[in-house]
Amino acid sequence: MAKAKARKLKLEAQDGEGEFTPRIDVEIAGIHFQNPVMTASGTFGYGQEFAHLIDLNRLGAIIVKGISADPLPGNPAPRIYETEAGMLNAIGLQNVGACTFLEEKLPFLRTLKARCIVNVFGYSTEDYVRCIEILNAGEGIDAYELNISCPNTRCGGIVYGSDPKLTEEVVAASKRAARFPLIVKLSPNVTDIGVFARAAEAAGADALSLVNTFVGMAIDIETRRPRISNLTAGLSGPAIKPVALRLVYQATQAVRIPVIGIGGITSAEDALEYLIAGAQAIQVGTANFYSPDTSLRVIDGIRDYCLRHRLHLAQLIGSLKHGVNGAGEH
Amino acid sequence: MAKAKARKLKLEAQDGEGEFTPRIDVEIAGIHFQNPVMTASGTFGYGQEFAHLIDLNRLGAIIVKGISADPLPGNPAPRIYETEAGMLNAIGLQNVGACTFLEEKLPFLRTLKARCIVNVFGYSTEDYVRCIEILNAGEGIDAYELNISCPNTRCGGIVYGSDPKLTEEVVAASKRAARFPLIVKLSPNVTDIGVFARAAEAAGADALSLVNTFVGMAIDIETRRPRISNLTAGLSGPAIKPVALRLVYQATQAVRIPVIGIGGITSAEDALEYLIAGAQAIQVGTANFYSPDTSLRVIDGIRDYCLRHRLHLAQLIGSLKHGVNGAGEH
Amino acid sequence: MYDEMAQVVENRPLAGRHFLLSLYSPKQARAVRPGQFAMIRLPGRSDVILRRPMSIYDVRSRDLKGGYGLERHGQRPAVLQVLYKVVGRGTRLMAELTPGDRLAVLAPLGHGFFPEEYLAQARDASEVLLVAGGIGIAALLMPARDLARQKIPQRLFFGGRSRHDLVGLSDFKPLVEAITLATEDGSRGYRGYVTAPLAQYLEQRCERRFLILACGPMAMLQVTAGLAERYNHPCLVSMENRMGCALGVCLGCSIRVQGEGHAAYERVCTEGPVFWSNHIVWDP
Amino acid sequence: MYDEMAQVVENRPLAGRHFLLSLYSPKQARAVRPGQFAMIRLPGRSDVILRRPMSIYDVRSRDLKGGYGLERHGQRPAVLQVLYKVVGRGTRLMAELTPGDRLAVLAPLGHGFFPEEYLAQARDASEVLLVAGGIGIAALLMPARDLARQKIPQRLFFGGRSRHDLVGLSDFKPLVEAITLATEDGSRGYRGYVTAPLAQYLEQRCERRFLILACGPMAMLQVTAGLAERYNHPCLVSMENRMGCALGVCLGCSIRVQGEGHAAYERVCTEGPVFWSNHIVWDP
Ligand SMILES: Cc1cc2nc3c(=O)[nH]c(=O)nc-3n(C[C@H](O)[C@H](O)[C@H](O)COP(=O)(O)OP(=O)(O)OC[C@H]3O[C@@H](n4cnc5c(N)ncnc54)[C@H](O)[C@@H]3O)c2cc1C
Ligand SMILES: Cc1cc2nc3c(=O)[nH]c(=O)nc-3n(C[C@H](O)[C@H](O)[C@H](O)COP(=O)(O)OP(=O)(O)OC[C@H]3O[C@@H](n4cnc5c(N)ncnc54)[C@H](O)[C@@H]3O)c2cc1C
Ligand SMILES: Cc1cc2nc3c(=O)[nH]c(=O)nc-3n(C[C@H](O)[C@H](O)[C@H](O)COP(=O)(O)O)c2cc1C
Ligand SMILES: Cc1cc2nc3c(=O)[nH]c(=O)nc-3n(C[C@H](O)[C@H](O)[C@H](O)COP(=O)(O)O)c2cc1C
Ligand code: FES
Ligand code: FES
């Protein structure tokens with residue numbers, strides 16, 4: 001179980017009524033994070049865009065927008081649409097490409113106390129490997145997050161993320177190429193998440209993150225055309241939280257490597273559900289768009305909760321009890 | 001394509017500026033429905049519970065709570081929980097059993113103009129068959145809806161609905177046993193809905209309905225216990241609509257039999273999205289709980305829309321155009 | 001049962017985040033029986049979609065004068081009153097309501113404290129004990145008035161976390177012989193749970209017959225039911241559970257009762273909320 | 001750009017479901033430049049989660065007197081004004097706002113009608129033509145005032161579906177030489193699209209140089225851009241697109257512009273909303 005690892009973090013003896021300072025730092029894939037709160041890829045740009053709104057140095061990690069070996073233009077407009085308690089997006093992985101990222105974006109990220117994780121995307125295993133090989137030159141990258149689950153590109157992403165064999169192939173190749181630890185980001189659009197979690201683990205993933213967006217759709221009934229030019233798009237936001245939480249829980253049950261929980265987190269309470277379910281860390285996504293200080297509020301809220309319950313984060317992770325009334329699962 | 005069948009409904013010549021009375025009746029699996037609006041299983045009891053609130057005779061069909069051969073007690077409390085724009089439930093298929101249904105519930109349903117569809121559930125293929133054999137004696141049943149997708153029972157339901165082989169097996173056996181047409185209700189918790197739609201079609205299903213609920217979870221962070229005694233539960237309501245709509249669209253693309261769309265429908269606009277995507281009919285579920293007149297508002301709204309656009313329902317079904325700007329999908 | 005749009009007449013703040021909400025809805029108000037409840041919905045919000053169950057505290061005439069039983073004063077009820085506590089998102093939004101706002105209200109609902117079912121036991125008893133925990137008090141005013149009208153002596157045991165939870169006392173005073181209060185923080189009455197003074201009262205009067213009517217949190221009801229069993233008094237409890245529909249169709253509110261197979265569960269919204277305490281299967 | 005909680009000072013209903021919303025937010029008001037916009041959020045609602053983009057119509061002093069440029073009258077701006085039309089759920093909720101309510105406002109945003117970029121062309125032109133379609137008028141008041149201050153003659157072409165869409169005219173009157181109106185239903189001015197009288201005006205004055213500033217629906221902007229190209233006038237358009245963040249990170253607002261590969265798309269929220277019309281790749 002993933003929580004074994006977290007427990008290894010040395011805990012100070014904590015009993016009695018004295019002062020208690022909860023530790024909320026966490027170690028994942030050999031990297032130390034000052035707290036378990038990260039900003040999700042594609043929702044936080046390259047960090048700098050938020051520099052004048054919040055204190056970036058307080059974040060656990062920034063995960064940058066998906067980077068491919070070559071720059072990509074993305075999909076035609078419209079690319080986004082608001083739904084009930086969520087949004088659809090089909091950006092199509094518009095990005096500056098790995099070289100420009102290293103030159104123009106990484107130097108700023110390197111100056112921060114927050115860890116820098118680079119989300120990597122490709123259309124073929126060679127693409128992934130080539131992107132990683134370029135990025136390997138980057139000073140200040142702490143880990144890669146392999147996006148094998150983007151639902152908005154015809155080939156690549158979603159195909160890898162919905163076939164366990166391809167998942168193993170691309171993860172193994174990427175792991176061989178990677179100079180930094182490898183987090184594999186899984187798709188929620190599968191029958192059995194355990195199969196994919198285990199496939200990624202078997203192929204050498206250092207950690208998992210999930211979920212990416214759910215494939216959805218919306219139609220303008222007046223024009224009888226799709227609301228998004230790409231027809232289908234990825235659903236994110238509060239609407240997906242219950243399903244994402246279940247997937248994260250199941251993934252933590254399936255593997256021994258750490259799992260990072262993502263999906264609809266807008267408050268510390270949401271984040272705590274994921275941590276209690278077994279996630280070692282969490283990512284804030286869509287909420288960054290409408291409430292840029294969400295991650296900071298989540299960090300504060302987690303610390304307050306730990307203080308109130310006199311728990312270190314490591315004791316909280318995976319501490320879900322079974323049975324609603326304490327009588328065991330009935 | 002499923003729409004071919006609908007087109008066969010004789011359309012009155014409709015041009016010019018004269019009076020126009022849209023036809024919104026529909027034929028599915030050889031059954032004629034006065035309109036395409038049905039109430040979803042498990043959200044409308046046995047119909048009678050709503051008799052004093054709305055005019056049941058106006059509905060296209062009532063689909064009763066899942067019936068099993070033997071009565072079932074269901075899961076311990078708590079069974080439901082509200083989430084963002086949705087709800088989780090793990091009722092566990094509490095029901096009166098097939099015999100009591102025939103004796104106590106069917107006589108009332110028989111008196112209505114709305115069609116009566118019986119949702120059937122079992123833990124094994126034999127259970128399904130046995131339940132259908134009992135129900136075959138029922139006068140006034142118009143069709144069966146085979147629930148192979150309930151996420152809230154350990155065995156049965158979800159297992160059948162997430163393995164194409166088992167889907168084929170249970171559908172074929174049920175079809176052989178069934179005296180009335182067979183609608184197969186699919187699970188959304190799968191990687192490729194087309195595979196399951198085709199499996200059900202190949203095994204003899206007369207129509208498909210989807211989606212059942214998405215498997216989700218919620219945790220009470222104060223007690224660190226699940227919010228639902230069953231741990232996982234089914235997510236329904238507006239939150240799921242974009243994903244359900246995509247699945248329905250993909251199912252209509254995969255098979256020739258009619259598809260009935262379900263998921264988060266609370267207004268005529270929602271229903272029209274499903275119909276334009278290719279569903280021949282739709283079901284209203286969770287909305288019945290908080291707004292019992294939803295189905296009637298949906299019927300009126302569909303008629304108004306057809307009138308305004310001078311379209312018969314059959315012309316609307318599957319009329320989704322591609323490309324947002326009319327320039328073809330780019 | 002009617003599904004109506006009711007207009008807010010008043011939304012009066014009381015102590016400790018409690019509010020007394022008065023809704024103009026004559027048809028529903030006239031149909032209410034003691035111990036029944038309403039399902040309240042905030043229309044136009046998709047973030048709070050399910051209706052919220054709320055006991056009907058009282059019914060009044062349009063000008064809010066009089067109370068249940070006002071027919072006897074020649075007036076017909078027209079206003080539903082709900083006494084609620086702000087605990088989450090739905091009740092927080094309710095607290096923002098102002099006169100003139102409209103709510104979707106489904107009422108009256110459920111099988112309440114119906115006199116025909118307990119009056120014989122009440123007459124046999126030397127006293128009826130009303131036991132309320134926190135906002136559970138809201139289900140007991142109408143039965144208390146029924147009993148008072150029948151001149152049956154009653155005593156209220158009322159507990160809360162702090163004295164701010166002890167709302168509505170002045171409504172009960174004219175109806176009951178005595179009131180025993182308890183607060184967890186000791187800010188008023190006994191310090192501790194209300195079931196402690198109740199247990200003491202019952203223990204000291206083993207020989208007497210009581211009828212107990214109780215409403216409050218599950219733990220309190222369970223202890224009360226245990227006391228009733230121990231001393232062999234009949235006891236009616238008004239149960240709480242999450243509700244999806246209150247129409248009897250979602251089966252979300254079912255609780256474990258005496259019975260096997262399909263009969264092992266009954267719906268709080270339909271067979272309840274009021275049950276004889278020995279019919280419930282309490283958690284071990 | 002600041003992310004602030006701003007208080008509603010006034011939410012004045014105008015004709016045809018339009019409202020003029022005044023928000024007290026001094027820091028933001030002082031930073032506003034013409035053609036910029038704000039992102040407005042209704043806090044505490046999870047059914048309308050994304051912020052809504054709204055042009056900044058004007059900035060005022062606290063008592064709502066004066067307008068942009070009021071610094072010259074010795075007052076500093078403290079109030080942001082937004083002119084909006086109710087079209088969907090978010091704007092419907094905005095219409096319910098009353099003074100004292102608080103909104104989350106991110107402003108000022110975007111690359112607007114910045115004088116340093118067009119003033120040369122404006123001076124070269126015999127006239128600046130402001131072209132507004134419907135609520136697009138909201139982006140043009142502040143640039144019109146800039147131009148008026150520079151004594152550059154301007155003319156407003158303003159179209160809507162009906163006369164109820166022609167809001168804000170009195171604000172423009174003192175700033176422009178002439179106003180040409182058009183409505184689709186003919187209820188005021190030309191019957192038809194505003195681009196018809198514009199086309200006629202340009203056709204009859206082929207020899208003259210104009211600078212065009214336009215804001216309105218995509219179709220109107222495209223026709224205007226086409227006219228500008230045909231008669232060879234420089235033209236700035238303020239574009240609309242759905243926006244997820246307006247921080248430049250979601251890339252949801254990207255539109256097709258002249259350029260290849262990664263440069264083929266630019267963000268309306270960051271590189272725009274105002275672009276030179278020939279930089280846009282219009283739909284075929
Ligand atoms: C028959 C009955 C009568 C009631 N009468 C009253 C009353 O008179 N006054 C009063 O203040 N409260 C009463 N309650 C409790 C009241 O329904 C809840 O406090 C309320 O639903 C909380 O809603 P929320 O959105 O503020 O809380 P949230 O915690 O945000 O609610 C989330 C979900 O849980 C459900 N829920 C939360 N707490 C309870 C609870 N205690 N019981 C049932 N469902 C709950 C809500 O309905 C909702 O579906 C009664 C409950 C029942 C079942
Ligand atoms: C830069 C810019 C400036 C704008 N200035 C104004 C203004 O000053 N006054 C005004 O009334 N309107 C303005 N709009 C349009 C305004 O943003 C939309 O009318 C508004 O977002 C609709 O929200 P809704 O919830 O009422 O509609 P809904 O249709 O319910 O909105 C659904 C979703 O679509 C988006 N959306 C809908 N219409 C538009 C649109 N035309 N443009 C962009 N997104 C849209 C919404 O933001 C939301 O995400 C501007 C748009 C942009 C991009
Ligand atoms: C506009 C947008 C762009 C995204 N881009 C990426 C991306 O480039 N790479 C990736 O792995 N995930 C991407 N995601 C997915 C998010 O990182 C996250 O997994 C998802 O949104 C669920 O979290 P949320 O509900 O908190 O938003 C994107 C999401 C959104 C909304
Ligand atoms: C409380 C509840 C009980 C349900 N019971 C059944 C059932 O017995 N059989 C079944 O096939 N589906 C059942 N469903 C699923 C619904 O029929 C429907 O497929 C699902 O709720 C999605 O539609 P909605 O979003 O409109 O609710 C149930 C749903 C709910 C919320
Ligand atoms: S609340 Fe739905 S059956 Fe009781
Ligand atoms: S709105 Fe997000 S990048 Fe422009």
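Order of the sequence lines fixes the chain letters, A, B, ..., with proteins taken first and strands second; residue numbering starts at 1 for each chain. Values reported hereafter were calculated over all heavy atoms of this structure, with side chains retained and with hydrogens, waters and symmetry mates removed.
With 3.5 Å as the limit, one finds no donor-acceptor pair spanning the side chains of A:Ser162 and B:Thr191. Side-chain contact check for B:Asn288 and B:Thr43: at least one donor-acceptor pair (N or O, by modelled atom type) lies under 3.5 Å. For the residue pair B:Thr286/B:Ser236, the side-chain donor-acceptor check at 3.5 Å is satisfied.
For the set B:Leu247, B:Thr83, B:Leu320, the entry with the most heavy-atom pairs within less than 4.5 Å of chain A is B:Leu320. The residue among B:His309, B:Lys241, B:Gln250 with the most heavy atom pairs within less than 4.5 Å of chain A is B:His309.
With a 4.5 Å cut-off on non-hydrogen atoms, A:Tyr81 does not touch chain B at all. Heavy atoms of B:Tyr274 lying under 4.5 Å from chain A are absent altogether. With a 4.5 Å cut-off on non-hydrogen atoms, A:Ile221 touches chain B through its backbone and its side chain both. Both the backbone and the side chain of A:Ala277 come within less than 4.5 Å of a heavy atom in chain B.
A salt bridge links A:Arg227 to A:Asp220: one of the charged nitrogens lies within less than 4.0 Å of a carboxylate oxygen.
No side-chain heavy atom of B:Thr232 sits under 4.5 Å from any side-chain heavy atom of B:Leu88.
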